[in-house]
Amino acid sequence: MPSNAESRSATHYVAPIEETPLQAVDQVDENEKTRSTWTDAWDSMRIRPTFWVSSILILLVLVVAVFPGLFTHVNPSSANLANSNGGPESGHPLGFNRQGYDVYARVIWGARNSVIVGLVATVLVSLVGIIIGALAGFYGGWLDTIVSRIADIFFSIPTILGAIVIMSVIPARNAITVALVLAAFAWPQIARIMRGAVLSAKQSDYVMASAALGVSRFTTLVRHVIPNALAPVIVVATVSLGTFIVAEATLSFLGIGLPPSALSWGLDIGTAQTSIRTNPSTIFWPSAALSITVLAFLLLGDVVRDALDPKARARR
């Protein structure tokens, strides 16, 4: 029979508790970095072949637009009627159009105006849409009501139709003019998307925490709400860039976009329609350049959309 001293010693003795695997899993590694939405999006995009194909095509188009002289030394504005509808020859791999212009040189130099219109219009639409949509969604009230009604008015006017009406009365037209006109009718889409994203983001805990810390509402909007609401806007802007390039080509094809002296895929397509039976290659090459460029931006937009969509990431 154990003594009283041994009983007390056995009573107060506590065996060490070994750490179970479950407890070890619950411990947080302080060195582990928190992954952001953009990091997850990049990891999702870089493993998709479509992302790399579209990115390489877009990069190639941008290089051609910025440095066309690297790809051809032929003057695209130099015409020789003796070469009218001439076939390919040394130094002129795609032949000549009806006016005697080198088709290859005009395809290369035509990328510049198309890319300028697409980029400028996208930047303007994104800036206007983000600012207006963010203010309307975050502050609400009468500002939201006014912005929504103005956006409804512009939504009722098709972008191409509105651009046709405005461009038909502008005497001096260039790439910047076309981009401004397109942006004037296309901003409501970005504004509505941004408004909806801000309405969702401003209900988050970090917004309430920011208000509790005494941060002003405008500072909270700029530093916290807008950065967390940009994902859907980036997706739409990527797709819209290709849409604006098509819109410029459409206006130029109709003769109310860039002036006839400019270099544009749309102008060349419009000019080549008279030779579509006798020399179809003159309409094929600018059309192919336009199609490939637009397709690249659309494919990139699809990849970005899938990468920034939380539901799509969860399924993967």
Keeping the roles fixed (side chain from [X], backbone from [Y]), state whether a donor-acceptor pair exists under 3.5 Å.
X	Y	answer
Ser156	Ile153	yes
Lys202	Val225	no
Gln273	Gly270	yes
Asn83	Gly86	no
Arg195	Gly133	no

Between [X] and [Y], is there a shared hydrophobic cluster once you connect ILVMFWY residues whose side-chain heavy atoms come closer than 4.5 Å?
X	Y	result
Leu251	Leu124	no
Val178	Val165	no
Val74	Leu263	no
Val53	Ile58	no
Val115	Val117	yes

Which heavy atom in [X] sits nearest to a heavy atom in [Y], and how many Å separate them?
X	Y	answer
Val239	Gly301	CG2-CA, 3.8 Å
Ile164	Ile256	CG2-CD1, 3.4 Å
Ser275	Thr282	CB-OG1, 4.2 Å
Ala247	Ile160	CB-CD1, 3.6 Å
Ser264	Glu248	OG-OE2, 2.7 Å
Ala237	Ser126	CB-OG, 3.6 Å

Problem - Passing candidate, side-chain hydrogen bond (donor to acceptor under 3.5 Å, both in side chains) with Ser148, options Asp152, Asp144, Thr145 - result: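 Option passing the side-chain hydrogen bond (donor to acceptor under 3.5 Å, both in side chains) with Ser148: Asp144.
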Do [X] and [Y] have side chains that get closer than 4.5 Å, going by heavy atoms?
X	Y	value
Val61	Ile292	no
Val181	Ile170	yes
Trp52	Met45	no
Leu300	Ser55	yes
Leu57	Thr293	no
Met194	Leu230	yes
Trp265	Asn113	no
Trp42	Phe51	yes

Looking at [atom1] of [X] and [atom2] of [Y], how far apart are the two atoms once the value is rounded to the nearest 0.5 Å?
X	Y	atom1	atom2	answer
Asn279	Thr274	CG	OG1	10.0 Å
Ile108	His73	CD1	NE2	11.5 Å
Phe96	Arg106	CZ	CZ	13.0 Å
Ile193	Ile130	CD1	CD1	10.5 Å
Thr72	His92	OG1	NE2	8.5 Å
Arg48	Leu299	CZ	CG	9.5 Å

Exercise for the section: Would you kindly say whether Gln99 and Thr271 are connected by a side-chain donor-acceptor distance under 3.5 Å? Expected result: no
Handout entry: Donor-acceptor side-chain pairing of Thr243 and Ser240 below 3.5 angstrom
Key = no
Exercise for the section: Would you please indicate yes or no on a ring centroid separation below 6.0 angstrom for Phe71 and Trp109? Expected result: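 Between Trp109 and Phe71, the centre distance exceeds or equals 6.0 Å.
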Handout entry: Pair Trp187 + Phe154: ring centers closer than 6.0 Å
Key =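 Yes, ring centres under 6.0 Å apart.
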Handout entry: Greater than 12 external heavy atoms within 6.0 Å of Phe218's CZ
Key =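 It does not: Phe218 CZ has 12 such atoms or fewer within range.
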Practice task
Flag yes if more than 12 heavy atoms outside Arg173 fall under 6.0 Å of its CZ atom; otherwise flag no.
Solution key: yes
Practice task
Let me see the working for Phe244 and Thr122 under side-chain contact (heavy atoms from CB on, under 4.5 Å), right down to the final yes or no.
Solution key: CA-CA 8 Å; Phe244 289 133; Thr122 301; 3.4 Å; yes
Practice task
Using the side-chain contact (heavy atoms from CB on, under 4.5 Å) rule, take Asp302 and Thr50 through it: C-alpha gap first, then chi angles, then the decisive distance, then the call.
Solution key: CA-CA 9 Å; Asp302 288 340; Thr50 306; over 6 Å; no
Problem - Stacked cation flag Arg217 on Phe138, 6.0 angstrom / 45 deg - result: yes
Exercise for the section: Check the pair Met167 / Thr177 against side-chain contact (heavy atoms from CB on, under 4.5 Å), numbers first and verdict last. Expected result: CA-CA 9 Å; Met167 293 299 298; Thr177 305; 4.3 Å; yes
